[in-house]
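Data block below; observations after.
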Amino acid sequence: MIDLRLVRENPDLVRASQRARGADESRVDALLAADAERRAAVHRADQLRAEQKSASQAVKKATPEERPAVLERAKALSAEVKAAEDATRAADEALRAAHLVIANVVAPEVPPGGEDDAVTIRTVGDVPSYDFEVRDHLDIGTALGAIDMERGAKVSGARFYFLTGPGALLEFALAQLAITRAVAAGFTPVVAPALVGPKAMEGTGFLGEHDEEVYRIERDDLYLVGTSEVALAGMHADEVLDLSAGPKRYAGWSSCFRREAGSYGKDTKGIIRVHWFDKVEMFSFCAPEDAEAEHLRLLQWEEEFLQALELPYRVVDIAAGDLGTSAARKFDIEAWFPTQGTYRELTSTSDCTTFQARRLSIRSRDADGRPQTVATLNGTLCAIARTIACLLEVHQQADGSVHVPVALRPWLGGHAVLRPGMSLVPTA
RNA sequence: GGAGGCUUCGCCUAGUCCGGUCUAUGGCGCCGCACUGCUAAUGCGGUUUGGGUUUUGGCCCAUCCCGGGUUCAAAUCCCGGAGCCUCCGCCA
């Protein structure tokens, strides 16, 4: 949730943010009204309680003769306090409801517009050309014995898959490369739970208008995470972190689950858009004033990872209307998919400023030792299934084999190419 | 799944039986001041968090795992729940 003080002191800024997102501006005024109402209710209840406290003390000190009268007054006040507390509770809930429906305030640099208005910041690597007919990742993967969609569907339904043989090895190789690089950069590696409670889910902003995307285990009141961001953010809920040595960074590995409710017909072929995949996610907790710089660092680590995979890509600055609820700014990296003749999203990094941390009550101490809400940022290091898809397409060769990027070879038995029917036994 | 125990202001802890200056005790740690040639030791003071209000000096309210209840009054009594621990059962 956004900072209430900001709404009180600079409502126009928040209204402008809502407008940029294409969201309802009047929610800002509803929030202001709810805030004023709550403060009035709290004030009334506090004053009544103060009176009641002294009345209660008087009961104790009263002589037997005055006792009935004093007790009478205390009882009356008690009833008034109870009523005032009910009113406060109602005002609290109204405020919370009004508060939760406002998305994070977009950063001033964010491009205006919607989904199609992302601005390309830079393009890295040359778009490859092929002197043969390119095949899509599913054709290549099936021929390699790396991907089995049909049996995935047989066992679990559409958008499920098996990774087999070289596909399974690729999964582990990518995970190893991602985690190894993250550790070298100073991240703490984490294996995070894929099932989380409602608090973590709501705190990270996934239960608002986008809860259609989320798998829910009703019987146990648990959710399957769509990203380990949820567990990593929730990890430090209700804590005061020591950030005196700089940002606290985690690289979390977990399975990710997405219902893909609104995407019927999109990317139906292969493993680009699936209900389940594994992902290594970077997550940072840092002081609010460091968030922008940290965001650029996350972006840089993402880029270096794709460079290690020898994949051409471009970095785009996502427009206001296409930002997630929690994000103030978001950069996607889109990698080249030869069969689609375009760049497709492979990673995404968001600066959530204090939006998530305020909901989850994650704080640190400022220079004066006062608690302050931290900023949280997340970034994909490697969404494994989609990355495999991209690797297979970009690195395909005329004979149906696939070039293995040098960085991945240590985890692929030293093999420089993958080819149908090959032995997976490591080379000497 | 069954039985029992635990949860207090950073950490440890007193208090809970028997409700009322609990406006929460003590120790450790931390901060400030004093003493000391320096260090150590010692002494004094401070040290939960959130909200409201404010003439910026404060003042008020809440907060003893969470939510209800009883009562004029709840850390304390009653009911429900969560988390952790131990034992039994089951299990990779």
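Order of the sequence lines sets the chain letters (A, B, ...), proteins ahead of strands, with each chain counted from 1. Note that the structure is a prediction, hence the values are computed from the model and not measured.
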Worksheet item: Would a 4.5 Å heavy-atom cut-off, applied to side chains only, mark A:Leu346 and A:Glu302 as touching?
Response: no
Item to complete: Go through A:Ser228 and A:Glu281 one step at a time and tell me if the side chain to side chain donor-acceptor pair (under 3.5 Å) criterion holds.
Response: CA-CA 7 Å; A:Ser228 56; A:Glu281 178 82 1; 5.3 Å; no
Worksheet item: Is the shortest side-chain N/O distance from A:Ser56 to OP1 or OP2 of B:rG20 below 4.0 Å?
Response: no
Discussion item. Pairing check on B:rG89: which nucleotide meets the Watson-Crick or G-U wobble criteria with it, both distances under 3.5 Å?
Written reply: none
Practice prompt. Starting at atom CZ of A:Arg365, determine the distance to atom C1' of B:rG29, rounded to an integer number of angstrom.
Written response: 14 Å
Discussion item. Measuring only the C1' atom in each nucleotide, how far is B:rA74 from B:rG68? A whole number of Å is fine.
Written reply: 14 Å
Worksheet entry | Position toward the 5' end of RNA chain B (nearest nucleotide), A:Ala74 or A:Lys53 | A:Lys53
Item to complete: Mind checking A:Arg44 for me? I need base, sugar-phosphate or nothing, with any heavy atom below 4.0 Å counting as a touch.
Response: nothing
Worksheet item: Are side-chain heavy atoms of A:Ile333 and A:Thr380 found at a separation under 4.5 Å?
Response: no
Discussion item. By the 4.0 Å heavy-atom rule, please label A:Arg358 as base, sugar-phosphate, or nothing.
Written reply: nothing
Item to complete: Identify the nucleotide, in any strand shown, that forms a Watson-Crick or G-U wobble pair with B:rG57, with both distances under 3.5 Å; if there is none, say none.
Response: none
Worksheet item: Rounded to whole angstroms, how far apart are CG on A:Leu48 and C1' on B:rA62?
Response: 15 Å
Worksheet entry | A:His137-A:Phe337 aromatic ring centre distance below 6.0 Å | no
Practice prompt. Could you measure between the two C1' atoms, the one in B:rC78 and the one in B:rC84, and give it in whole Å?
Written response: 24 Å
Worksheet item: Nearest-Å distance, CG (A:Leu71) to C1' (B:rG20)?
Response: 13 Å
Worksheet item: Using atom C1' of each nucleotide, how far apart are B:rC28 and B:rA34 to the nearest Å?
Response: 22 Å
Worksheet item: C1' atom, B:rC87 versus B:rG29: distance in rounded Å?
Response: 36 Å
Worksheet item: Please give, in whole Å, the distance from B:rG51 C1' to A:Arg363 CZ?
Response: 13 Å
Item to complete: Quick one: look up who B:rG83 pairs with, Watson-Crick or G-U, both distances under 3.5 Å, and put none if it's unpaired.
Response: B:rC6
Discussion item. Counting only side-chain heavy atoms from C-beta out, which of B:rG52, B:rC61, B:rU49 sits nearest to A:Val42?
Written reply: B:rG52
Practice prompt. Check the distance between B:rA73's P and A:Arg67's CZ and give it to me in whole angstrom.
Written response: 13 Å
Worksheet entry | Distance, P atom - from B:rU8 to B:rA3, rounded to whole angstrom | 25 Å
Worksheet item: Just how far, in rounded Å, is P of B:rU63 from CG of A:Asp92?
Response: 14 Å
Practice prompt. Would you indicate what A:Ala50 reaches in the nucleic acid, counting non-hydrogen atoms under 4.0 angstrom: base, sugar-phosphate, or nothing?
Written response: sugar-phosphate
Practice prompt. Under a 3.5 Å limit for both distances, which nucleotide forms a Watson-Crick or G-U wobble pair with B:rU49, could you say?
Written response: B:rA62
Item to complete: Would you mind telling me which residue lines up with the more 5' stretch of RNA chain B, A:Gln47 or A:Pro371, judged by nearest nucleotide?
Response: A:Pro371
Item to complete: Write down the distance separating the P atoms in B:rG69 and B:rU56, rounded off to the nearest Å.
Response: 41 Å
Worksheet item: Are the aromatic rings of A:Phe283 and A:His236 close, with centres under 6.0 Å apart?
Response: no
Item to complete: Both distances under 3.5 Å, Watson-Crick or G-U wobble: report the partner of B:rA41, or none.
Response: none
Worksheet item: P atom, B:rG51 versus B:rU63: distance in rounded Å?
Response: 16 Å
Response to the item:
Here the distance between atom P of B:rU54 and atom NE2 of A:His43, to the nearest Å, is 8 Å
Item to complete: Indicate, with a heavy-atom threshold strictly under 4.0 Å, whether A:Lys82 touches base, sugar-phosphate, or nothing.
Response: sugar-phosphate
For residues 153-167 of chain A, which side-chain donor-acceptor pairs fall under 3.5 Å, sequence neighbours excluded?
{"residue": "A:Arg159", "atom": "NH1", "partner": "A:Lys266", "partner atom": "O", "Å": "3.4"}
{"residue": "A:Arg159", "atom": "NH1", "partner": "A:Asp267", "partner atom": "O", "Å": "3.2"}
{"residue": "A:Arg159", "atom": "NH1", "partner": "A:Arg273", "partner atom": "O", "Å": "2.9"}
{"residue": "A:Arg159", "atom": "NH2", "partner": "A:Ser263", "partner atom": "O", "Å": "3.0"}
{"residue": "A:Arg159", "atom": "NH2", "partner": "A:Lys266", "partner atom": "O", "Å": "3.0"}
{"residue": "A:Tyr161", "atom": "OH", "partner": "A:Trp276", "partner atom": "O", "Å": "3.0"}
{"residue": "A:Thr164", "atom": "OG1", "partner": "A:Gly145", "partner atom": "O", "Å": "2.5"}

Worksheet entry | Gap in Å between the two P atoms, one belonging to B:rG4 and one to B:rC64, rounded | 26 Å
Discussion item. For the residue pair A:Gln300 / A:Glu304, report whether a side-chain donor-acceptor contact shorter than 3.5 Å exists.
Written reply: yes
Worksheet item: Using a cut-off of 4.0 Å on non-hydrogen atoms, how would the nucleic acid contact of A:Gln52 be classed: base, sugar-phosphate, or nothing?
Response: sugar-phosphate
Discussion item. Using Watson-Crick or G-U wobble geometry with both distances under 3.5 Å, which nucleotide pairs with B:rC72?
Written reply: B:rG20
Fill in: Distance, rounded to the nearest Å, where A:Arg49 contributes CZ and B:rG52 contributes P
14 Å
Practice prompt. Find the partner of B:rC35: check Watson-Crick (N1-N3 plus N6-O4 or O6-N4) and G-U wobble (N1-O2, O6-N3) distances, both under 3.5 Å, and reply none if neither fits.
Written response: none
Fill in: B:rG52 OP1/OP2 closer than 4.0 Å to side-chain N/O of A:Arg38
yes
